[in-house]
There are 2 protein chains.
Amino acid sequence: MKKKKSPGPKDDSQARREEMISRLKERGFRLTPQRLAVVEILSVSSGHPSVERIYEEVKRRFPTTSLATVYKTVSVLKELREVLELGFPDGSNRYDGKKPYPHPHLICTRCGTVIDPDIPGIDHLAEELGRSYGYRVLHHRLDFFGLCPRCQED
Amino acid sequence: MKKKKSPGPKDDSQARREEMISRLKERGFRLTPQRLAVVEILSVSSGHPSVERIYEEVKRRFPTTSLATVYKTVSVLKELREVLELGFPDGSNRYDGKKPYPHPHLICTRCGTVIDPDIPGIDHLAEELGRSYGYRVLHHRLDFFGLCPRCQED
DNA sequence: CTTCATGCAAAACATTTGCAGCTGG
DNA sequence: CCAGCTGCAAATGTTTTGCATGAAG
């Protein structure tokens, strides 16, 4: 009875992977093994991996892959709006290929864990705000920083 | 009848400047002319100036001032929680000496204008969120990006 | 085949750091 | 006086770029 309402995480990943591949194709980008590997990793990872992390994973399958290529591919996906970039002022970057649209994050500043809390109403707030100030609001970002349960113990 | 309820912007600035100077003093930091100039600018500017911008202003009064000194001073004020750093992933940094605590921003991505919209309830949301996820939420950040009225015209 | 992607290395760039000399308190 | 600050320049570290080679379509 819930087969359709809540597809398993595997189905989600697969759908995202296919979506990303379609977009790349239709925009005329080549589907190289390296790109497919990056897409694969982004569609599967729920931990908001960093470029470095993606690089490590890709190298596991294609040892010659360069960091520059990962940067380039991620950049392409970002432009296609198929991945959400969570850049931080300190230079670190995390990527979300599962939910490539603005949404809140709850971030542990010690271990780096990033989770997606459920906070409805932010998109609506963005619209409202734009109206009151005469701005055309295009995107937004809401991050909460703190210590996760585990990191509070030590 | 409203003398006490809403102090003018000049009074605010003065209060902030004195507050910052007190903090520096009580923590044993020296009050050099360069530092005082940085403090002055931060307490007066409502436009969320960048380091570069602060540097330009300081140089007007103390032409020999180096960029490194501005960075160091701003960094000190940041640690004392007397200035809010708004760092962006692209490397740009804006500073707010008037409201050195987390608050939402509405940012024009074209001209760089930053304003402080009034959005009550965010702090409360942070608390609530921490409770539901077991996190100790220490700070947060909420930015809306878009085009200001003027930049929409062109 | 032609064009675009890859991968290496070098460039780019804002911020940080080391250190000699200066100066606030 | 003298620890801390300034200012110069060099270092840092990550992301970007140029270009020759290689592979997708």
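In the text below, chain A, chain B and the rest are named by the order of the sequence lines, each starting its count at 1.
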Does dG7(D) have OP1 or OP2 sitting under 4.0 Å from an N or O in the side chain of Thr64(B)?
yes
Considering only side-chain heavy atoms of Phe29(B), which listed nucleotide, dC5(D), dC8(C), dT6(C), is closest?
dC5(D)
Starting from P on dC13(C), measure out to CD on Glu52(B) and report it in whole angstrom.
13 Å
Phosphate contact (dA23(D) OP1 or OP2) by Gln34(A) side-chain N/O below 4.0 Å:
no
Look at the rings of Phe88(B) and Phe145(B) and say which category their plane angle falls in: under 30° parallel, 30 to 60° tilted, over 60° perpendicular.
perpendicular
Return the minimal non-hydrogen interatomic distance between Leu129(B) and Pro117(A), and the atom names on each side.
CD1-CB, 3.6 Å
Nearest-Å distance, CZ (Arg27(B)) to P (dG25(C))?
18 Å
Taking only the side-chain heavy atoms of Lys72(B) (C-beta and beyond), determine which of dG7(C), dG18(C), dC5(D) contains the nearest atom.
dG18(C)
Report the residue (Ser92(B) or Pro33(B)) whose heavy-atom-nearest nucleotide on DNA chain C is the more 5′ of the two.
Ser92(B)
Whole angstrom value for the distance that separates C1' of dG4(D) from CG of Leu24(B):
13 Å
To the nearest Å, give me how far apart CG (Leu77(B)) and C1' (dC5(D)) are.
14 Å
So what does Thr65(B) touch, heavy atoms closer than 4.0 Å: a base, only the sugar-phosphate, or nothing?
sugar-phosphate
With under 30° as parallel and over 60° as perpendicular, where do the rings of His103(B) and His105(B) fit, or are they tilted in between?
tilted
If I take atom OH in residue Tyr55(B) and atom C1' in nucleotide dC8(D), what distance separates them, rounded to the nearest angstrom?
11 Å
Has the side chain of Arg30(A) got a donor or acceptor atom sitting under 3.5 Å from an opposite partner on the base of dC4(C)?
yes
Whether Thr32(B) contacts dG24(C) is assessed here as follows: a side-chain N or O lying under 4.0 Å from the phosphate OP1 or OP2. Is that the case?
no
Comparing Gly91(B) with Leu31(B), nearest DNA chain C nucleotide closer to 5' gives the residue Gly91(B)
Has the side chain of Arg35(A) got a donor or acceptor atom sitting under 3.5 Å from an opposite partner on the base of dA5(C)?
no
To the nearest angstrom, how far is Leu36(B) atom CG from dG24(C) atom C1'?
11 Å
Between the main-chain N or O of Phe62(B) and the side-chain N or O of Thr65(B), is there a donor-acceptor pair closer than 3.5 Å?
yes
Roughly how many Å is it from CD1 in Ile21(B) to P in dG25(C), rounded to a whole number?
11 Å
Whole-Å distance between dA23(D) C1' and Phe62(A) CZ?
13 Å
Residues that Ser13(A) engages under side-chain hydrogen bond (donor to acceptor under 3.5 Å, both in side chains), provided they are two or more places apart:
Lys98(A)
